[in-house]
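Beneath this line is the structure, given in structure tokens, with notes to follow.
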Amino acid sequence: TSMRFRTLGSLATVAALTAFSACTDNTSPSNQSAGGTYDLQTVNGTSLPYSYNTSSGTLTIESDTYTLNGDGTYNETISETISNGVGNSPTSDAEAGTWYQNGNAVVFSPSVSTQNNFTQYTGALSGSGTFSHSSITFSYNGVVWVYDHR
């Protein structure tokens, strides 16, 4: 989460505050349904590109992808553009670390972050409760980010 709320921090920071973070059980992490690639589809029901205003101008998210690997590692790559009224500046953010699944919770622990976010956060796995044909949802302060499995 590397996000889009430049004024609020990264998606990881935003997601770190989700209600799920208090419900994780670190004693039995499992990655047996292992991963795959998840692309951001909607923010509050709006398809990409998604734009919002920050103190630096308008930030537009072009794409955001999580890749969850079977060995318990993940990476996230975000492509975005900042428009300040004078010009547009394409940029990107990245995050990497470890993940595990606990029921319908997917817990992320960043160890590398271009936005200096190293706070553990949790998303909710929907669909069949397995990674195939599912989505991961992050929610904070009424903003809902939905990533669908490729």
Side-chain angles (χ1 to χ4, degrees), residues 1-24 31 33-69 73-150:
T1 317
S2 319
M3 214 134 152
R4 322 31 282 175
F5 292 135
R6 292 258 186 224
T7 58
L8 296 178
S10 71
L11 175 57
T13 301
V14 171
L17 302 174
T18 63
F20 294 105
S21 61
C23 304
T24 59
N31 296 332
S33 345
T37 302
Y38 288 80
D39 297 309
L40 181 61
Q41 298 298 308
T42 62
V43 180
N44 277 352
T46 301
S47 297
L48 296 185
Y50 177 76
S51 298
Y52 63 91
N53 293 322
T54 71
S55 59
S56 307
T58 300
L59 183 84
T60 301
I61 300 168
E62 308 297 336
S63 67
D64 185 355
T65 301
Y66 276 88
T67 302
L68 281 61
N69 303 306
T73 61
Y74 78 94
N75 60 59
E76 178 192 19
T77 305
I78 303 164
S79 176
E80 54 206 5
T81 302
I82 300 172
S83 303
N84 62 10
V86 176
N88 295 331
S89 301
T91 188
S92 64
D93 281 302
E95 182 180 287
T98 59
W99 71 276
Y100 67 88
Q101 177 186 359
N102 183 17
N104 76 330
V106 182
V107 181
F108 296 88
S109 298
S111 57
V112 174
S113 172
T114 59
Q115 294 189 359
N116 296 317
N117 174 62
F118 301 103
T119 303
Q120 186 179 74
Y121 61 97
T122 305
L125 185 65
S126 63
S128 62
T130 62
F131 284 93
S132 181
H133 309 295
S134 61
S135 63
I136 297 175
T137 302
F138 300 98
S139 180
Y140 175 73
N141 268 359
V143 180
V144 178
W145 305 78
V146 178
Y147 295 75
D148 284 345
H149 190 268
R150 250 188 222 171

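Distance CG/L59 to OG/S83: 8.5 Å, rounded to 0.5 Å. Here the OG1 atom belonging to T42 is positioned 7.5 Å from the CG atom belonging to D148, to the nearest 0.5 angstrom. Separation of atoms OG (S134) and NE2 (H149) is listed at 6.0 Å; rounding is to 0.5 Å.
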Test F118 against S111 for side chain to side chain contact (heavy atoms under 4.5 Å, CB included), laying out the working first.
-> CA-CA 6 Å; F118 301 103; S111 57; 5.5 Å; no

Is there a side chain to side chain contact (heavy atoms under 4.5 Å, CB included) between T91 and T81 once you walk through the steps?
-> CA-CA 6 Å; T91 188; T81 302; over 6 Å; no

For L125 and Q101, run side chain to side chain contact (heavy atoms under 4.5 Å, CB included): C-alpha distance rounded to whole Å, both residues' side-chain angles, the deciding distance at 0.1 Å, then the answer.
-> CA-CA 9 Å; L125 185 65; Q101 177 186 359; 3.6 Å; yes

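Using a 4.5 Å heavy-atom threshold, the side chains of I61 and L40 count as touching. Two residues are said to be in side-chain contact when any heavy atoms from C-beta on lie closer than 4.5 Å; W99 and Y66 fail this criterion. No side-chain heavy atom of T114 sits less than 4.5 Å from a side-chain heavy atom of E95. Using a 4.5 Å cut-off on side-chain heavy atoms (C-beta onward), E76 and Y147 make contact. E62 is not listed as a side-chain neighbour of L48, based on a closest heavy-atom distance of 4.5 Å or more.
When the side-chain contact (heavy atoms from CB on, under 4.5 Å) test is applied to V144, the partners found at least two apart in sequence or on another chain are N44, T137, S139, V146. Here D39 pairs with R150 under the salt bridge (charged side-chain N to carboxylate O under 4.0 Å, His left out) rule; sequence neighbours left out. Partners of S89 under the side-chain hydrogen bond (donor to acceptor under 3.5 Å, both in side chains) rule, at least two apart in sequence or in another chain, do not exist in this structure. When the side-chain hydrogen bond (donor to acceptor under 3.5 Å, both in side chains) test is applied to T58, the partners found at least two apart in sequence or on another chain are N53. Legend: residues meeting side-chain hydrogen bond (donor to acceptor under 3.5 Å, both in side chains) with T37, ordered by chain and number and at least two apart, are absent. Not counting sequence neighbours, the partners of T60 by the side-chain hydrogen bond (donor to acceptor under 3.5 Å, both in side chains) test are S51.
Nearest heavy-atom pair, I136 versus F108, reported as atom, atom and distance to 0.1 Å: CD1-CZ, 4.4 Å.
If you look at Y38 and Y74, their ring centroids are not closer than 6.0 Å.
With 3.5 Å as the limit, one finds a donor-acceptor pair spanning the side chains of N69 and T73.
Ring-plane geometry between F138 and Y121 is classed as tilted, the angle between the planes lying from 30 to 60 degrees on a 0 to 90 degree scale.
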